[in-house]
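Within every chain, numbering begins at 1; the chains are lettered A, B, ... in the order of the sequence lines, protein sequences first and strands thereafter.
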Amino acid sequence: MAKSNERAITPQSEDFSAWYNELVLRAELADRGPVRGTMVMRPYGYRIWELLQGELDARIKATGHENAYFPLFIPESHLTREAEHVEGFAPELAVVTHAGGHELEEPIVVRPTSETIIGEMFAKWISSYRDLPLLINQWANVVRWELRPRLFLRTTEFLWQEGHTAHADEADAQRETMVATGFYEEVSREIAALPVVIGDKTASERFAGAKRTVSLETLVRDGRAIQSATSHYLGTNFAKAFEINYTSAEGVETLCHTTSWGMSTRMVGAVIMTHGDDKGLILPPRLAPHQVVIVPIGRDSELEAVLIRANGLAEALKELGVRVRIDDRTTLSPGFKFNEWELRGVPLRIELGPRDLAAGVATIANRLSGEKEQLSIEDVAAEIPGRLDAFQSALYARALSFREEHTMSVDSREAFDAAVAVGFASALHCGERSCEEEIKESTGATTRCIPFEAPRETGSCVACGKPEHYGQRILFARAY
RNA sequence: CGGGUUGUAGCGCAGCUUGGUUAGCGCGCAGCGUUCGGGACGCUGAGGUCGCGGGUUCGAAUCCCGCCAACCCGACCA
């Protein structure tokens with residue numbers, strides 16, 4: 001038993017960070033790169049990203065957006081055109097000063113995000129109201145020199161999707177930010193099985209250069225929040241800086257209203273931290289590289305017979321659209337494989353051995369419930385898709401009840417401090433930056449969002465006692 | 001960038017206090033054999049710039065100085 005403890009990962013309750021790091025490495029999701037803060041996404045982790053990407057990309061296209069690609073390098077002077085934007089990003093920029101063996105006349109910035117370069121191009125492409133709206137998305141890597149990296153959640157270089165759109169007026173642009181919010185919510189809930197709270201960011205948490213930022217917040221198992229996607233209404237800030245304007249139907253030269261919105265590989269980290277347990281990862285079926293793993297048991301002629309049935313089963317499952325893998329590695333014991341696939345989060349495992357064949361059944365083990373059941377080998381394939389759906393729903397329901405249990409509506413400072421130590425605190429707030437700052441310094445918690453779905457409420461600020469500002473409760477938590 | 005911890009084989013560690021032959025152990029890896037229903041076992045074997053640089057010494061993984069890196073906790077952030 002001591003031996004098996006050594007092989008297990010650190011329990012969440014003992015050290016959540018250690019649990020997370022060990023899991024990411026041992027499940028072969030990712031590895032660290034040689035430059036501080038960089039990450040190698042290994043095939044298993046990258047496949048999860050690809051599945052997420054596929055789901056999101058389909059929704060982006062279905063809402064009229066087109067993919068394009070813009071350069072990694074941005075002239076430094078472009079970035080400085082929007083004052084708040086530069087100020088926000090300056091500390092985390094990677095800047096190329098030498099290239100081709102010489103010092104460059106003008107330094108080149110490695111994009112931390114692409115508002116500026118895309119703004120520049122939009123200005124060239126848009127001249128008439130007939131060119132609007134312009135709905136563009138790109139899948140790209142970006143670089144932000146993070147001081148405290150963490151695999152998936154905060155890496156120096158990360159992969160994401162960034163949507164950039166230009167509109168004739170504010171109403172249309174605001175509508176666009178909600179379209180993006182809509183598909184992020186759908187992908188979070190239906191694909192990643194993550195319940196999200198959607199709302200506006202307070203002024204202090206807003207994107208550099210945005211007039212309005214909408215975010216999707218999830219709560220992970222150590223009681224911290226993760227912003228899993230954001231959607232920004234940029235007003236005419238970037239349009240002014242880059243002269244993105246059009247001639248209206250009335251012949252008037254008019255500034256565009258632009259938006260941007262993004263979801264990154266951080267989402268994978270949110271999935272790991274929301275669903276994982278002490279045995280390892282638990283993947284929602286719709287993001288699982290292998291939804292079902294078949295572990296054949298037996299040896300010699302028994303194994304041969306088992307493998308024939310296993311192959312037949314795998315073929316039947318593939319025809320039903322199930323991602324299935326047979327683990328036919330011969331040097332590992334079944335017990336080892338059980339533990340390994342549990343570590344790697346495979347939703348359903350089918351154990352198939354001589355005893356099953358003799359009884360005409362297959363044994364199905366459920367990663368979430370830990371239960372095993374036996375199904376007739378004739379019916380098992382047909383049963384799997386429904387069980388995967390049920391797994392997906394159960395995982396979402398579990399995450400939702402966790403969040404509900406860790407969201408406290410609080411009216412006193414004492415209750416507030418206790419709430420943010422374990423999850424979301426829902427409280428009235430005065431809206432003043434200095435008050436947010438004081439809360440952050442004393443508790444580590446920041447405002448997460450002003451939720452859309454919240455009853456109107458008035459009263460006094462939970463921290464300073466002044467009249468509240470938002471006309472409703474807002475959400476606070478410690479965040480990644 | 002501050003505070004803390006740690007750098008010895010792919011991974012996890014011992015050895016360092018009190019300097020002294022070929023630097024050990026577990027896991028993993030390779031070969032062979034036996035195994036195979038919850039992390040199998042035996043035998044054999046490969047694998048090391050002891051983080052880097054300097055110093056003290058007849059002799060440094062061990063003592064001294066400097067540097068670097070990683071991780072954790074903060075400040076910054078998707």
Side-chain angles (χ1 to χ4, degrees), chain A residues 1-10 15-18 20-22 25-26 31-37 88-93 112-113 141-162 184 201 204-208 213 215-218 225-232 260-270 279-280 295-300 302-303 306 329-343 349 351-359 361-363 365 370 372 374 437 440-444 446 478-480:
Chain A
M1 238 25 238
K3 225 177 210 177
S4 77
N5 284 340
E6 279 168 31
R7 293 181 191 194
I9 55 177
T10 302
D15 184 342
F16 195 82
S17 289
Y20 179 78
N21 286 328
E22 287 170 26
L25 297 173
R26 297 227 347 229
D31 213 336
R32 290 182 224 284
V35 172
R36 177 187 163 80
F89 281 105
E92 39 187 338
L93 291 181
T113 179
N141 58 338
V142 287
V143 169
R144 299 181 188 178
W145 217 257
E146 297 293 348
L147 297 175
R148 204 177 140 194
R150 201 181 189 95
L151 292 168
F152 288 109
L153 295 179
R154 206 183 306 100
T155 49
T156 294
E157 176 190 6
F158 60 90
L159 304 185
W160 75 348
Q161 148 285 121
E162 49 180 325
Y184 288 143
K201 282 295 194 186
S204 64
E205 295 282 322
R206 216 172 273 152
F207 175 76
T213 290
S215 81
L216 289 85
E217 301 285 331
T218 74
I226 294 182
Q227 175 179 308
S228 54
T230 46
S231 180
H232 315 289
S260 66
W261 27 274
M263 193 189 86
S264 73
T265 37
R266 162 176 277 193
M267 187 76 169
V268 177
K279 287 168 135 185
V295 178
I297 299 160
R299 57 191 177 112
D300 304 329
E302 279 180 343
L303 182 60
V306 165
R329 291 175 294 176
T330 54
T331 56
L332 300 170
S333 70
F336 183 93
K337 293 177 183 176
F338 297 168
N339 283 302
E340 186 178 75
W341 291 117
E342 282 167 5
L343 174 72
R349 179 178 70 241
E351 304 171 11
L352 204 59
R355 296 210 300 256
D356 296 293
L357 292 200
V361 300
T363 301
K372 289 190 187 185
Q374 299 197 316
E437 200 52 42
K440 188 175 186 176
E441 273 171 32
S442 57
T443 65
T446 51
R478 291 172 305 138
Y480 278 105

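The closest donor-acceptor contact from the side chain of A:Tyr184 to the backbone of A:Gly262 lies under 3.5 Å. Side-chain N or O atoms of A:Asp15 include one that pairs as donor or acceptor with a backbone N or O of A:Ser17 at under 3.5 Å.
B:rC71 and B:rG4 make up a base pair, with Watson-Crick or G-U wobble contacts both under 3.5 Å. As the counterpart of B:rA23, no nucleotide is assigned, since no Watson-Crick or G-U wobble pattern has both distances under 3.5 Å. B:rC50 is unpaired under the Watson-Crick or G-U wobble criterion, no partner having all donor-acceptor distances under 3.5 Å. Pairing for B:rA9 is absent, with no Watson-Crick or G-U wobble pair whose two atom distances lie under 3.5 Å. Base pairing of B:rA30: its partner is B:rU44, meeting the Watson-Crick or G-U wobble criterion (both donor-acceptor distances under 3.5 Å).
Between B:rG26 and B:rG15, the distance separating the two C1' atoms is 15 Å to the nearest Å. Taking atom C1' in both B:rG48 and B:rG42, one finds a spacing of 27 Å when rounded to whole Å. Taking atom C1' on both nucleotides, B:rC16 is separated from B:rC63 by 10 Å, rounded to a whole Å. Across the P atoms, B:rA40 and B:rC27 are found 12 Å apart, a figure rounded to whole Å. If you take atom P in B:rU8 and the same atom in B:rG2, they sit 24 Å apart, rounded to whole Å. The same atom, P, is picked in B:rG28 and in B:rC64; the two are 37 Å apart, to the nearest Å. Between B:rG66 and B:rG47, the two C1' atoms lie 32 Å apart (nearest whole Å). The gap from the P atom of B:rG4 to that of B:rA9 amounts to 26 Å, rounded to the nearest Å.
Taking 3.5 Å as the limit, the base of B:rG38 and the side chain of A:Arg349 contain a donor-acceptor pair of atoms between them.
A:Thr155 comes within 4.0 angstrom of a nucleotide base, judged by non-hydrogen atoms across all strands. Among the atoms of the strands shown, none is found under 4.0 Å from any heavy atom of A:Lys337. Among the heavy atoms of the strands, none lies under 4.0 Å from A:Arg329. Contact annotation for A:Ser215: no contact, since no heavy-atom pair falls under 4.0 Å across all strands. Within the nucleic acid shown, A:Gly353 comes within 4.0 Å of at least one base atom, counting heavy atoms only. Contacts of A:Leu25 with the nucleic acid, taken as non-hydrogen atoms under 4.0 Å apart, are absent.
Checking each of A:Asp356, A:Val306, A:Thr330 against A:Pro296 for a side chain to side chain contact (heavy atoms under 4.5 Å, CB included) leaves exactly one that passes, namely A:Val306.
Put simply, A:Phe158 rests on the base of B:rA78: the two rings are less than 5.5 Å apart at their centres and nearly parallel, under 30°.
The separation between A:Asp31 atom CG and B:rG10 atom P is 14 Å, rounded to whole Å. Regarding A:Leu357, its CG atom lies at a distance of 15 Å from the P atom of B:rG37, rounded to whole Å. In this structure, the CZ atom of A:Phe207 is 12 Å from the P atom of B:rC77, given to the nearest Å. Rounding to whole angstrom units, CZ of residue A:Arg26 and P of B:rG10 are separated by 18 Å. In this structure, the CZ atom of A:Arg154 is 11 Å from the P atom of B:rA75, given to the nearest Å. Summarising the geometry, the separation between CD on A:Glu340 and P on B:rG38 is reported as 17 Å, rounded to the nearest angstrom. For A:Leu151 and B:rC71, the CG to C1' distance is 11 Å, given to the nearest whole Å. Rounded to a whole Å, the CD atom of A:Glu351 is 13 Å from the C1' atom of B:rC36.
Note on A:Arg299: a side-chain N or O is less than 4.0 Å away from OP1 or OP2 of B:rU35. An OP1 or OP2 oxygen of B:rC71 is reached within less than 4.0 angstrom by a side-chain nitrogen or oxygen of A:Arg32. Side-chain N/O atoms of A:Asn21 include none lying less than 4.0 angstrom from OP1 or OP2 on B:rA70.
Toward the 5′ end of RNA chain B lies the nearest nucleotide of A:Asp356, the other residue of the pair A:Asp356 and A:Glu441 mapping further downstream. Annotation: of the two residues near RNA chain B, A:Phe89 and A:Thr330, the 5′-most nearest-nucleotide partner is A:Thr330.
Distances were taken from every side-chain heavy atom of A:Arg355 (C-beta onward) to each of B:rA78, B:rA40, B:rG37; the shortest belongs to B:rG37. Side-chain proximity of A:Lys440 to B:rC76, B:rA78, B:rU35: nearest is B:rC76. Of the candidates B:rC73, B:rC77, B:rG37, the closest approach to any side-chain atom of A:Ser17 belongs to B:rC73. For A:Ser264, taking side-chain heavy atoms from C-beta onward, the closest of the listed nucleotides B:rA78, B:rC73, B:rC71 is B:rA78. Comparing atom distances between the A:Ser333 side chain and each of B:rA40, B:rC72, B:rG37 picks out B:rA40 as nearest. Comparing atom distances between the A:Pro354 side chain and each of B:rG37, B:rG38, B:rA78 picks out B:rG37 as nearest. With distances taken from any side-chain atom of A:Lys372 to the nucleotides B:rC76, B:rG38, B:rA78, the minimum falls on B:rG38. If you check B:rA40, B:rA75, B:rG37 against the side chain of A:Pro334, the one that comes closest is B:rG37.
Salt bridge A:Lys201/A:Glu217: present, at least one basic N to carboxylate O contact under 4.0 Å.
The distance from atom CD of A:Glu92 to atom OG1 of A:Thr113, rounded to the nearest 0.5 Å, is 10.5 Å.
A 4.5 Å side-chain heavy-atom check between A:Asn21 and A:Thr10 finds every atom pair outside the cut-off. At least one side-chain heavy atom of A:Arg266 sits under 4.5 Å from a side-chain heavy atom of A:Ile226.
A donor and an acceptor atom, one from each side chain of A:Gln227 and A:Ser215, are nowhere located under 3.5 Å apart.
A cation-pi arrangement is absent between A:Arg154 and A:Tyr480 under the rule of less than 6.0 angstrom and at most 45 degrees off the ring axis.
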